[in-house]
Amino acid sequence: MATAVLEQSPSLSRDRARADVMLRGFIAAAVAARLVFWATTNRMFEDGLTTITHARNVPLGLGLVHHAGEGNVHGFTSAIGVLIPLAGELVHQGSGMLAMRVASLIAVCIALVYARLICRDLRLGAFPTAFVLAYLAFDQNMIFYGMSGMETQVAVTVILGGVYHVRRQDLVASGIWLGLAPLARPEFVLWVAPALAYLALANLRRGIAAGGIAGAIVAPWIVFTTAYYGSPIPNTVVAKAAVSPIPAILSNGSPLPWLEWLFGQVTGHIELLLYHFEPFHEVWSTAAAPLPGPVLIVIAVVVADLFAIGLVASRQVAGWWPALAFVGLFFAYRVYFIPTINYYDWYLPPFLALVMIVVAAGLQRIYVWRPMITKSLSVALAFAFAMHVPFSFGVESKVQAVENQVRTNVAEYLKATVPPGESVTSESAGYIGFYGGVKLFDYPGLTSKTSVRALQALPPDQRDLPHLVAALRPDWLVLRPWELNSLREQFPEIAAEYEVVRVFQMSGVSDAQLDADGANTISFGGLSETDVDEKFIVLRKNCATQSGC
């Protein structure tokens, strides 16, 4: 095995001993932070509930589906994201969320161990290693999504475990982690491809064997989804592609529109990436942060600069290029397939975990020139990405109180009121599915092929919620105020077919705030997040327009 080429500090042996002590400390701190988040917020994320609903419905006899009435619809993206809560539900009904939270607690411990091992193999000193461990232990999105029902923390572990074993050419372990990768996130095939190429180039037979092990792990899921759903491609992927289509390379014989779109995508995603380098701004809904804006920008610029230095320092490290290839391929994937909106935060933690290891390589390179700069920057950056804890925990506790008062009550009302077989259309699939159990034509069709087909039949610029309602004319609507206003403006005659039967909203907030998109925020200690889920209006078709009324 070739050695790494990063220059090490003279006290590397002492640094390694310190790092092992730090590892145990950061594992304890990471678990403690997540337990406190769980206890103080009991946060349940909308998209996590969408997936867990599939698992919950298996022991209820409905199958691995989000709701009855549309057949078998693959309404989740991550296989691991549904299999973990499914295991919990099969052991004890109603334990899907608990299973995902426990899995996240275990996963962060494993992720920290692998991060420590990767830093050791890259010959990083104690301070750069401590920065990486601190980031993984306290990163806002890893805590939030992992403990709110998403597969995010597990996905981070899968990537780091794979990077470590592939670099060392460990046959069995590499095959196992590479097999788990596409089950954690479908886009992780962008990691599997360079990893298998590296193994095959090093030793063709061992590379083929590792690929065989990975294939044996993935194959049963592909066979199952093909037989059960008709395709291994999740309906969520099809739905998102329908509402965010990629323009044709040639439009009226000219590539200029496509090039303009591509340029906007590249610049937009670079801006979004820099935004995720700013503490507190990792979360899409952040409206204000405890730190001044210029300070956050400086942090992002420093991280970006260290990333560039780390790329140069680590590009020739033996066996490291598959990880760097994944970083590049993943960013290219986001540019081409993901719209430039400040959302989909849960996609980024595995990518950012590797980015921060490269940043640590940049810190290590600086150590050779200015040790105190490396030490100071490592401590400062670790603190910057950890200081959200009291603020974000306070905000998320308040957000969950809103979810309990509004979306949970909406769903329970629908469960008690909507007759079996009648359809509901709403953008909110998580809470309505988990607590409501109704036939849901959601927007953009994550859990509904009926919605996807209706949207695909529309021109790309008309694939919005009002046009979906106009196309399907469901029995019930659950809309935010601005969604209802948009329906009334675009389709007044169709809107007139519905009457308001209930309004669920956060108490103590004026209608003027609740009725305007993005007008209301939830704050704690200087951190504010926009909350667009504080008022929902339930509408039912008028008796004059609904058969059997």
Side-chain angles (χ1 to χ4, degrees), residues 1-13 15-16 19-20 23 110-129 131-133 136 156-179 181 188-211 213-214 306-331 350-369 374:
M1 174 74 65
T3 58
V5 298
L6 279 176
E7 296 182 65
Q8 58 181 293
S9 64
S11 56
L12 185 61
S13 298
D15 286 348
R16 285 180 174 176
D20 289 333
L23 174 62
I110 300 172
L112 285 166
V113 170
Y114 275 120
R116 165 70 183 102
L117 293 173
I118 293 170
C119 290
R120 182 199 65 189
D121 284 0
L122 293 178
R123 307 172 74 86
L124 304 185
F127 280 88
T129 298
F131 162 70
V132 172
L133 299 181
L136 295 176
V156 172
T157 303
V158 168
I159 285 294
L160 293 181
V163 167
Y164 175 73
H165 288 292
V166 166
R167 182 181 176 276
R168 295 172 62 89
Q169 302 176 29
D170 298 329
L171 173 60
V172 175
S174 294
I176 292 173
W177 285 112
L178 292 177
F188 282 1
V189 295
L190 301 174
W191 154 242
V192 174
L196 288 178
Y198 166 74
L199 293 173
L201 289 172
N203 186 308
L204 181 59
R205 294 181 64 180
R206 291 176 65 84
I208 293 173
I213 295 171
L306 288 170
F307 177 71
I309 295 171
L311 278 178
V312 174
S314 66
R315 71 186 189 280
Q316 293 182 350
V317 172
W320 183 237
W321 70 260
L324 296 182
F326 169 66
V327 169
L329 289 171
F330 184 85
F331 183 76
F351 165 79
L352 289 175
L354 292 179
V355 166
M356 293 306 169
I357 292 175
V358 177
V359 168
L363 288 168
Q364 184 63 42
R365 173 55 65 92
I366 292 175
Y367 187 94
V368 179
W369 307 325
T374 291

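V166 and Y198 get closest at one heavy-atom pair: O-CE2, 3.1 Å. Residue I159 comes nearest to P350 through the heavy atom pair CG1-CB, 4.0 Å, listed as atom of the first residue, atom of the second, then distance. Taking every heavy atom of both residues into account, G319 and P322 meet most closely at O-CD, 3.4 Å. Taking all atoms of both residues into account, the shortest heavy-atom contact from A360 to V132 is CB-CG2, 3.4 Å. Taking each heavy atom of A361 and A313 in turn, the nearest pair found is O-CB, 4.3 Å. A197 and W321 make their closest contact through CB-CH2, 4.3 Å (heavy atoms, listed as atom of the first residue, atom of the second, distance).
In this structure a side-chain-to-backbone donor-acceptor pair under 3.5 Å is present from R206 to Q169. Judged purely by atom type and a 3.5 angstrom limit, R167 has no side-chain atom pairing as donor or acceptor with the backbone of Y164.
D170 contributes atom CG, which lies 10.5 Å from atom CD1 of I176 (distance to the nearest 0.5 angstrom). A distance of 11.0 Å separates CZ of F351 from CG of L329, quoted to the nearest 0.5 Å. In this structure, CD1 in I213 is found 4.5 Å from CG in L171, a value given to the nearest 0.5 Å. Here the CG-CE distance, from L133 to M356, works out to 14.0 Å after rounding to the nearest 0.5 Å.
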Could you go through I208 and R205, starting from their C-alpha distance and side-chain angles, then the distance that decides it, and tell me whether this counts as side-chain contact (heavy atoms from CB on, under 4.5 Å)?
CA-CA 5 Å; I208 293 173; R205 294 181 64 180; 5.8 Å; no

As a quick check of understanding, evaluate side-chain contact (heavy atoms from CB on, under 4.5 Å) for I357 and W320, giving each step before the final call.
CA-CA 11 Å; I357 292 175; W320 183 237; 3.9 Å; yes

Could you please spell out the steps behind the side-chain contact (heavy atoms from CB on, under 4.5 Å) verdict for I366 and L306?
CA-CA 9 Å; I366 292 175; L306 288 170; 3.4 Å; yes

side-chain contact (heavy atoms from CB on, under 4.5 Å) between V172 and H165: does it pass, once the steps are laid out?
CA-CA 9 Å; V172 175; H165 288 292; over 6 Å; no

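A 4.5 Å side-chain heavy-atom check between Q364 and L122 finds every atom pair outside the cut-off. Here the side chains of V156 and Y114 are not in contact, with every heavy-atom distance at 4.5 Å or above. Side chains of L23 and T129 form no contact here, defined as non-hydrogen atoms less than 4.5 Å apart. At a threshold of 4.5 Å between non-hydrogen side-chain atoms, the residues W191 and F330 do not count as touching. Using a 4.5 Å cut-off on side-chain heavy atoms (C-beta onward), L160 and L136 make contact.
With sequence neighbours excluded, the residues forming a side chain to side chain contact (heavy atoms under 4.5 Å, CB included) with L311 are F307, L324, V358, listed by chain and number.
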